[in-house]
Amino acid sequence: MIDLILTVNQVVAILYKGFQAAVQEPRLLGTTENSLGLKAWLNSLGHEFVVSDDKEGSNSDFQKHITDAQVLITTPFHPGYLTRDLFERAKNLELCVTAGVGSDHIDLNAAVDHKVQVLEVSGSNVTSVAEHVVMSILLLVRNFVPAHEMIERGDWAVSDIARNAFDLEGKVVGTIGAGRIGYRVLQRLKPFDCKELLYFDYAALPEAAGKAVGARRVEDLKDFVSQCDVVTVNCPLHEGTRGLVNKELLQSFKPGAWLVNTARGAICDKDAVAEALKNGHLRGYAGDVWNVQPAPRDHAWRTMKNPLGGGNGMVPHYSGTTLDAQARYAAGTRSILENYFAGQPQEPQNIIVGVKGYETKAYGQR
Ligand code: NAD
């Protein structure tokens with residue numbers, strides 16, 4: 001006789017609250033209210049499913065439930081920061097799933113030490129972000145935000161805007177990181193007839209891929225930024241990229257360059273960027289990622305401006321959470337869980353940390 005042992009897993013999800021919007025728009029799947037569309041399915045399998053947005057401090061739902069959780073689902077948009085200390089307490093934890101792309105809110109080295117797997121839904125929102133990058137480059141270079149604000153104010157002074165507006169054609173644009181997003185940015189920029197497209201990445205693009213977008217690799221970071229009119233950051237946050245764009249590196253930027261960062265806030269030094277924008281060394285900074293999320297109300301990046309009163313293209317973290325992206329990362333999260341419950345192998349491209357350690361080179365050369 002075979003004994004049937006029904007395993008009940010506790011699955012904990014830390015998501016952002018959608019409030020009224022999530023009730024009105026069920027495609028807002030990444031919210032606590034719509035719970036990635038997983039609730040009925042997980043309950044039908046008999047698993048316990050705890051969903052909350054409460055993630056900070058020892059009394060938070062996140063810290064209370066992590067002690068029992070076998071599976072943790074988080075999202076980069078409202079990151080539940082899984083520190084080494086919390087790993088020590090998460091005795092039952094086997095799997096962390098990032099609903100989206102970017103797992104730096106999890107201490108990945110601690111995950112390796114505790115033999116906890118970390119998976120992402122790789123590729124799920126890379127086009128969403130690449131489109132946002134191209135939009136941000138254009139809105140900075142063309143001085144769009146102050147132009148629109150002027151119109152809302154009821155004013156009309158064309159030269160106040162035009163004095164700081166340029167064409168992207170003929171400029172040098174470079175990406176730090178030429179992976180899924182960085183490469184898509186290069187592809188989308190090709191028809192803009194930039195002077196040159198550059199990339200900085202420790203992995204060279206395959207020859208045909210580099211040729212297809214006409215991008216040149218520059219191997220020294222200072223040399224790379226000194227050639228760019230526009231720099232876009234598209235690498236993961238890890239030990240080698242935290243604070244990469246700091247005061248010293250900014251000194252190598254061309255005076256009046258534009259910087260777009262939709263990768264992770266902590267890759268750029270908050271104060272150094274604010275200072276460089278204020279003194280005009282950077283003409284503009286745009287992105288959707290912040291060193292702490294949600295960003296405090298007084299975060300310098302909310303209101304920083306260049307000497308002409310523009311150059312700020314900051315928004316909340318949403319480039320990778322369009323409704324199209326949410327459908328993809330919700331489906332991808334379910335498929336990772338299905339594989340896990342069935343004891344099936346996971347899609348290799350989704351594995352950041354596997355049972356034997358890091359399975360990707362994207363989070364640093366090791
Ligand atoms: P990817 O793994 O396909 O590509 C990352 C690339 O960065 C790789 O080619 C890797 O070699 C390179 N890289 C790593 N360290 C580097 C370094 N020190 N210098 C230069 N290059 C380096 O990842 P992806 O899908 O392109 O995503 C990149 C990052 O974008 C994610 O890790 C995440 O942080 C961010 N992201 C943001 C959003 C958003 O909504 N804003 C959404 C998705 C991803």
Side-chain angles (χ1 to χ4, degrees), residues 16 30 74-79 98-106 108 118-136 174-188 198-206 209-210 215 217-225 228 231-246 249 260-268 286-291 293 295 313-326 328-329 332 348-353 358-366:
Y16 58 87
T74 54
T75 157
F77 310 104
H78 183 71
T98 300
V101 173
S103 299
D104 50 275
H105 55 285
I106 309 236
L108 296 173
V118 181
L119 278 94
E120 299 183 349
V121 190
S122 291
S124 56
N125 53 14
V126 293
T127 298
S128 323
V129 180
E131 288 185 3
H132 194 99
V133 172
V134 173
M135 175 187 78
S136 300
T175 174
I176 300 180
R180 295 179 185 87
I181 296 173
Y183 188 70
R184 279 169 177 73
V185 170
L186 295 172
Q187 284 178 313
R188 280 155 183 74
L198 306 179
Y199 73 98
F200 171 82
D201 194 313
Y202 50 63
L205 284 170
R217 184 180 181 203
V218 181
E219 291 190 48
D220 177 81
L221 186 57
K222 281 189 180 165
D223 181 23
F224 166 82
V225 297
C228 293
V231 174
T232 153
V233 185
N234 298 296
C235 58
L237 173 64
H238 55 75
E239 306 94 305
T241 58
R242 186 175 293 276
L244 187 71
V245 183
N246 54 22
L249 187 69
V260 171
N261 174 16
T262 53
R264 284 296 176 259
I267 296 173
C268 297
D288 66 332
V289 286
W290 305 73
N291 57 342
Q293 293 187 183
M314 289 306 294
V315 293
H317 192 170
Y318 85 102
S319 70
T321 189
T322 57
L323 293 181
D324 300 301
Q326 297 199 31
R328 290 188 295 262
Y329 67 65
Q349 78 271 10
N350 288 343
I351 309 175
I352 304 304
V353 173
Y358 281 95
E359 294 211 8
T360 171
K361 290 199 177 77
Y363 282 82
Q365 285 170 307
R366 285 163 217 281

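Atoms within each ligand, like the ligands themselves, are counted from 1 in listed order.
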Peer 1: Between D201 (side chain only) and A204 (backbone N and O only), is there a donor and an acceptor less than 3.5 Å apart?
Peer 2: no
Peer 1: Who's the nearest protein heavy-atom neighbour of atom 26 (O) of ligand 1, and how far?
Peer 2: I181 N, 2.8 Å
Peer 1: Of all the atoms in ligand 1, which lie at a distance below 4.0 Å from a heavy atom belonging to G177?
Peer 2: 7 (O), 21 (N)
Peer 1: If you count the atoms of ligand 1 from 1 in the order shown, which ones are under 4.0 Å from a heavy atom of N125?
Peer 2: 42 (C), 43 (C)
Peer 1: Can you tell me the protein heavy atom closest to atom 22 (C) of ligand 1 and the distance?
Peer 2: C235 CB, 3.6 Å
Peer 1: Identify the protein heavy atom lying closest to atom 7 (O) of ligand 1, giving its residue, its atom name and the separation to 0.1 Å.
Peer 2: P236 CD, 3.4 Å
Peer 1: As an exercise, identify every atom of ligand 1 less than 4.0 angstrom from a heavy atom of G179.
Peer 2: 3 (O), 4 (O), 6 (C), 9 (O), 26 (O)
Peer 1: Using only heavy-atom distances, determine whether the side chains of T98 and S103 contain a donor-acceptor pair under 3.5 Å.
Peer 2: yes
Peer 1: Which residue holds the protein heavy atom closest to atom 41 (N) of ligand 1, what is that atom called, and what is the gap in Å?
Peer 2: T262 O, 2.9 Å
Peer 1: I'd like to know if the side chain of D288 pairs up with that of T262 as donor and acceptor (distance under 3.5 Å, no hydrogens or angles considered).
Peer 2: no
Peer 1: I want to check something: taking the side chain as every heavy atom from C-beta on, are P76 and Q293 in contact at a cut-off of under 4.5 Å?
Peer 2: no
Peer 1: Can you pull out the closest protein heavy atom to atom 31 (C) of ligand 1? Residue, atom name and distance to 0.1 Å, please.
Peer 2: V101 CG1, 4.0 Å
Peer 1: Taking only heavy atoms of F77, which atoms of ligand 1 are found under 4.0 Å from at least one of them?
Peer 2: 40 (O)
Peer 1: Give me the nearest non-hydrogen protein atom to atom 9 (O) of ligand 1 as residue plus atom name, then the distance to 0.1 Å.
Peer 2: D201 OD2, 2.7 Å
Peer 1: Heavy-atom pairs closer than 4.0 Å: do any link ligand 1 to the side chain of V129, the backbone, both, or neither?
Peer 2: side chain
Peer 1: Assess, by modelled atom type and distance only, whether the side chains of T127 and N125 contain a donor and an acceptor separated by less than 3.5 Å.
Peer 2: no
Peer 1: One residue to check: T360. Relative to ligand 1, which of side chain, backbone, both or neither has a non-hydrogen atom less than 4.0 Å away?
Peer 2: neither
Peer 1: For L237 and ligand 1, does the shortest N/O to N/O distance drop below 3.5 Å?
Peer 2: no
Peer 1: Relative to the heavy atoms of A362, which atoms of ligand 1 are at a distance of less than 4.0 Å?
Peer 2: 2 (O), 14 (C), 15 (N)
Peer 1: Give yes if a backbone or side-chain nitrogen or oxygen of S319 is under 3.5 Å from a nitrogen or oxygen of ligand 1, and no if not.
Peer 2: yes
Peer 1: With heavy-atom distances below 4.5 Å as the criterion, would you say the side chains of T360 and I351 are in contact?
Peer 2: no
Peer 1: Taking 4.0 angstrom as the limit and counting only heavy atoms of T241, give me the atoms of ligand 1 inside it, by number and element.
Peer 2: 17 (C), 18 (N)
Peer 1: Between H238 and ligand 1, find which residue part has any heavy-atom pair under 4.0 Å and reply side chain, backbone, both or neither.
Peer 2: side chain
Peer 1: Closest by any non-hydrogen atom to atom 28 (C) of ligand 1: pick that one out of T322, V233, T75, N234.
Peer 2: N234
Peer 1: Does ligand 1 have a heavy atom under 4.0 Å from the side chain of H317, from its backbone, from both, or from neither?
Peer 2: side chain
Peer 1: Can you pull out the closest protein heavy atom to atom 1 (P) of ligand 1? Residue, atom name and distance to 0.1 Å, please.
Peer 2: R180 NH1, 3.7 Å
Peer 1: Are T74 and I106 packed together at the side-chain level, in the sense that at least one heavy-atom pair is separated by less than 4.5 angstrom?
Peer 2: yes
Peer 1: In ligand 1, which numbered atoms sit nearer than 4.0 Å to a non-hydrogen atom of F200?
Peer 2: 19 (N), 20 (C), 21 (N)
Peer 1: Between the side chain of E359 and the main-chain N/O of P348, is any donor-acceptor distance below 3.5 Å?
Peer 2: no
Peer 1: Decide yes or no for Y199 and V218: does some side-chain heavy atom of the first lie under 4.5 Å from some side-chain heavy atom of the second?
Peer 2: no
Peer 1: Taking all heavy atoms of P236 and all of Y363, pick out the closest pair and write down the distance.
Peer 2: CB-CE2, 3.8 Å
Peer 1: Looking only at non-hydrogen atoms, find the nearest pair between E120 and G100 and report the distance.
Peer 2: CB-O, 3.7 Å
Peer 1: So if I count the atoms of ligand 1 from 1 in the order they appear, which ones are less than 4.0 Å from some heavy atom of D288?
Peer 2: 39 (C), 40 (O), 41 (N)
Peer 1: So, R264 and T241: side-chain donor and acceptor under 3.5 Å apart, yes or no?
Peer 2: no
Peer 1: Who's the nearest protein heavy-atom neighbour of atom 25 (O) of ligand 1, and how far?
Peer 2: V126 CG1, 3.3 Å
Peer 1: For R217, I'd like to know if atom CZ has over 12 heavy atoms of other residues, nucleotides or ligands within 6.0 Å.
Peer 2: yes
Peer 1: Side chains of T75 and Y329: is there a donor and an acceptor less than 3.5 Å apart?
Peer 2: no
